[in-house]
*Asks:* 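Below is the structure I would like to discuss, written out as structure tokens.
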Amino acid sequence: YASLPYQFHNRETAVGNEKISGIGDATVMGIYNLLSKETENKNRHSFSLGAGVKIPLGKFNEANAAETNPSFQLGTGSWDFLLVMNYRYAIQKSTVMLGVDYTLKGENEKKYEFGDQFNYSAVYNYLFTNKEKFIFSGKIGFQGEIYQENRQFGEALPRTSGNALYGKIGFEMAYQRWSFGSELMLPVSSKLANNDIEAKSRLGIFLNFGL
């Protein structure tokens, strides 16, 4: 699996709005399916593990790292490593997916290191259409994120850890090897940088091609 995001970030501050956009960090990952089993009543279970690397293609702005929200960046500027674990249970047109992942973040050339990140999610998918190689599905669920403290020159930086919980809703359309979809994430609760930062909504649009 490989991805290359193009990002649009916006933040509201006391002096006005600020926007940045551009290519983010690329991700390359291998995912291995440890279990794939179908029961007598056609229910299906699968369990997979994955590992990968995040390549620092996104721009890291050291000046932003010194502000209240150091994560207002297109990239970390560092090589980061990812570990992923997913469980999937499908029955007829419904699927439940449970997932966790952990990102070990490295130190960039500015001696800045973002805190490791742990994510967890639970998503329900429903298959509305599946005919003539065309698939349309919808999903709803939640995602949680936990951030450890950032470091610079080996020293922990205060007010840089935190956590956030988002509700999510989205859709996906697929035809043969191509798939297209969108996902909206809305904050349910957050405690970022000792509440100095308020989480806002996220909107993602993706286009995939299966090899």
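Starting from 1, each residue takes its place in the sequence as its number. Computed over heavy atoms, backbone and side chain alike; hydrogens, waters and symmetry mates excluded.
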*Asks:* Any side-chain heavy-atom pair from Asn64 and Arg11 closer than 4.5 angstrom?
*Replies:*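 The answer is yes, as the side chains (C-beta and beyond) meet within the 4.5 Å cut-off.
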
*Asks:* Show, in sequence, the C-alpha distance, side-chain angles and deciding distance for Asn69 and Asp196, and conclude whether the side-chain contact (heavy atoms from CB on, under 4.5 Å) test is met.
*Replies:* CA-CA 8 Å; Asn69 184 4; Asp196 288 341; over 6 Å; no

*Asks:* Is there a donor-acceptor contact under 3.5 Å linking the side chains of Thr103 and Lys54?
*Replies:*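 The criterion, which ignores hydrogens and geometry beyond distance, is not satisfied for Lys54 and Thr103.
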
*Asks:* Taking side chain as C-beta onward, heavy atoms only, is Glu183 less than 4.5 Å from Val123?
*Replies:*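 Not touching, per the 4.5 Å side-chain cut-off.
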
*Asks:* Quick one: do Phe136 and Ile140 end up in the same hydrophobic cluster if we chain Ile, Leu, Val, Met, Phe, Trp and Tyr together by side-chain heavy atoms under 4.5 Å apart?
*Replies:*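 Cluster IDs for Phe136 and Ile140 match.
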
*Asks:* Any luck finding a side-chain donor-acceptor pair between Gln152 and Asn150 under 3.5 Å?
*Replies:*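 Absent: no donor and acceptor within the cut-off.
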
*Asks:* Show your reasoning for whether side-chain contact (heavy atoms from CB on, under 4.5 Å) applies to Phe72 and Asn61.
*Replies:* CA-CA 9 Å; Phe72 191 69; Asn61 188 327; over 6 Å; no

*Asks:* Nearest 0.5 angstrom please: Thr76 OG1 to Asp25 CG, how far?
*Replies:*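 Taking OG1 in Thr76 and CG in Asp25, the distance rounds to 4.5 Å.
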
*Asks:* Is there a path from Leu82 to Met97 through hydrophobic residues (I, L, V, M, F, W, Y) whose side chains come within less than 4.5 Å of each other?
*Replies:*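 No; tracing contacts between hydrophobic side chains, which count when under 4.5 Å, never links both residues.
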
*Asks:* If you count heavy atoms of other groups shown closer than 6.0 angstrom to CD1 of Ile23, is the number above 12?
*Replies:*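 Counting neighbours around CD1 of Ile23, 12 or fewer heavy atoms of other residues, nucleotides or ligands fall under 6.0 Å, so no.
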
*Asks:* Linking I/L/V/M/F/W/Y whenever any side-chain heavy atoms sit under 4.5 Å apart, do Ile146 and Phe142 land together?
*Replies:*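 Yes, it is one cluster - the side chains of Ile146 and Phe142 are joined through contacts under 4.5 Å.
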
*Asks:* Grab the two heavy atoms, one from Ala65 and one from Phe60, that are nearest each other, plus how far apart they are.
*Replies:*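 In this case the closest contact between Ala65 and Phe60 is CB-CZ, 3.8 Å.
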
*Asks:* Report the distance from atom CG of Leu104 to atom CG of Asp80, rounding to the nearest 0.5 Å.
*Replies:*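 Leu104 CG to Asp80 CG: 8.5 Å, rounded to 0.5 Å.
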
*Asks:* Can you check side-chain contact (heavy atoms from CB on, under 4.5 Å) on Tyr6 and Ile205, steps first, answer last?
*Replies:* CA-CA 10 Å; Tyr6 193 91; Ile205 299 172; over 6 Å; no

*Asks:* Would you say CZ of Phe8 has more than 12 non-hydrogen atoms from neighbouring residues, nucleotides or ligands within 6.0 angstrom?
*Replies:*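 Atom CZ in Phe8 is packed in, count exceeds 12.
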
*Asks:* Taking the side chain as every heavy atom from C-beta outward, state whether Ile135 and Leu127 have any atom pair closer than 4.5 Å.
*Replies:*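 Of all side-chain heavy-atom pairs linking Leu127 with Ile135, at least one is under 4.5 Å.
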
*Asks:* Roughly how far, to the nearest 0.5 Å, is the CZ atom of Phe47 from the CG atom of Leu34?
*Replies:*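 Between atom CG of Leu34 and atom CZ of Phe47 there are 6.0 Å.
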
*Asks:* Looking only at non-hydrogen atoms, find the nearest pair between Pro187 and Ala199 and report the distance.
*Replies:*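 Heavy-atom minimum between the residues: CG-O, 3.5 Å.
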
*Asks:* Rounded to the nearest 0.5 Å, how far apart are CG of Asp116 and OG of Ser161?
*Replies:*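 With rounding to 0.5 Å, CG (Asp116) is 12.5 Å from OG (Ser161).
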
*Asks:* Could you go through the side-chain contact (heavy atoms from CB on, under 4.5 Å) check for Lys139 and Glu172 one step at a time?
*Replies:* CA-CA 8 Å; Lys139 62 181 177 180; Glu172 180 174 352; 5.8 Å; no

*Asks:* Does Glu198 have more than 12 heavy atoms from other residues, nucleotides or ligands lying within 6.0 Å of its CD?
*Replies:*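 Count not over threshold, so no.
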
*Asks:* Which residues pass the ring pair (Phe, Tyr, Trp, His ring centres under 6.0 Å) test with Tyr126, sequence neighbours left out?
*Replies:*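 Tyr126 satisfies ring pair (Phe, Tyr, Trp, His ring centres under 6.0 Å) with Phe128 once adjacent residues are dropped.
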
*Asks:* In terms of ring plane angle, is the pair His45 and Tyr89 parallel, tilted or perpendicular, where the classes change at 30° and 60°?
*Replies:*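 The arrangement is tilted - the two ring planes meet at 30° to 60°.
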
*Asks:* Residues two or more places apart in sequence or in another chain: which of them pass ring pair (Phe, Tyr, Trp, His ring centres under 6.0 Å) with Tyr87?
*Replies:*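 So Tyr87 forms no ring pair (Phe, Tyr, Trp, His ring centres under 6.0 Å) with any residue.
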
*Asks:* If two hydrophobic side chains count as joined below 4.5 Å and joins carry through other members, does Phe180 share a cluster with Phe134?
*Replies:*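 Yes.
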
*Asks:* To the nearest 0.5 Å, what is the distance between CE (Met185) and NZ (Lys200)?
*Replies:*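 These two atoms lie 15.5 Å from each other.
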
*Asks:* Strictly distance-based, threshold 3.5 Å: is any side-chain N or O of His9 a donor or acceptor partner for the main-chain N or O of Leu74?
*Replies:*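 No: the side chain of His9 does not pair with the backbone of Leu74.
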
*Asks:* How far apart are the closest heavy atoms of Tyr120 and Glu145, and which atoms are they?
*Replies:*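 Heavy atoms of Tyr120 and Glu145 come nearest at CE2-N, 4.3 Å.
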
*Asks:* Mind checking the CZ-CG spacing from Phe114 to Leu157? Nearest 0.5 Å is all I need.
*Replies:*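 Result: 10.0 Å between the selected atoms.
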
*Asks:* Do the side chains of Glu107 and Arg151 get close enough for a salt bridge, i.e. N-O under 4.0 angstrom?
*Replies:*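 Not counted as a salt bridge, because no side-chain N and carboxylate O are separated by less than 4.0 Å.
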
*Asks:* So which atom in Gly204 and which in Ser182 form the shortest heavy-atom distance, rounded to 0.1 Å?
*Replies:*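 Heavy atoms only, the tightest pair is O-OG, 3.0 Å.
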
*Asks:* Would Val84 end up clustered with Tyr32 when hydrophobic side chains under 4.5 Å apart are linked, directly or stepwise?
*Replies:*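 Val84 and Tyr32: separate clusters.
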
*Asks:* Mind listing the closest non-hydrogen atom pair of Thr160 and Pro70 along with its distance?
*Replies:*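 Answer, listing the atom of Thr160 first, then Pro70: CG2-CG, 4.2 Å.
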
*Asks:* Arg202 and Tyr166: which non-hydrogen atoms are nearest, and at how many Å?
*Replies:*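 What the structure gives for the nearest pair is NH2-OH, 3.2 Å.
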
*Asks:* Do Val28 and Ile55 have side chains that approach each other closer than 4.5 Å (heavy atoms only, starting at C-beta)?
*Replies:*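 Yes, close enough: below the 4.5 Å cut-off.
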
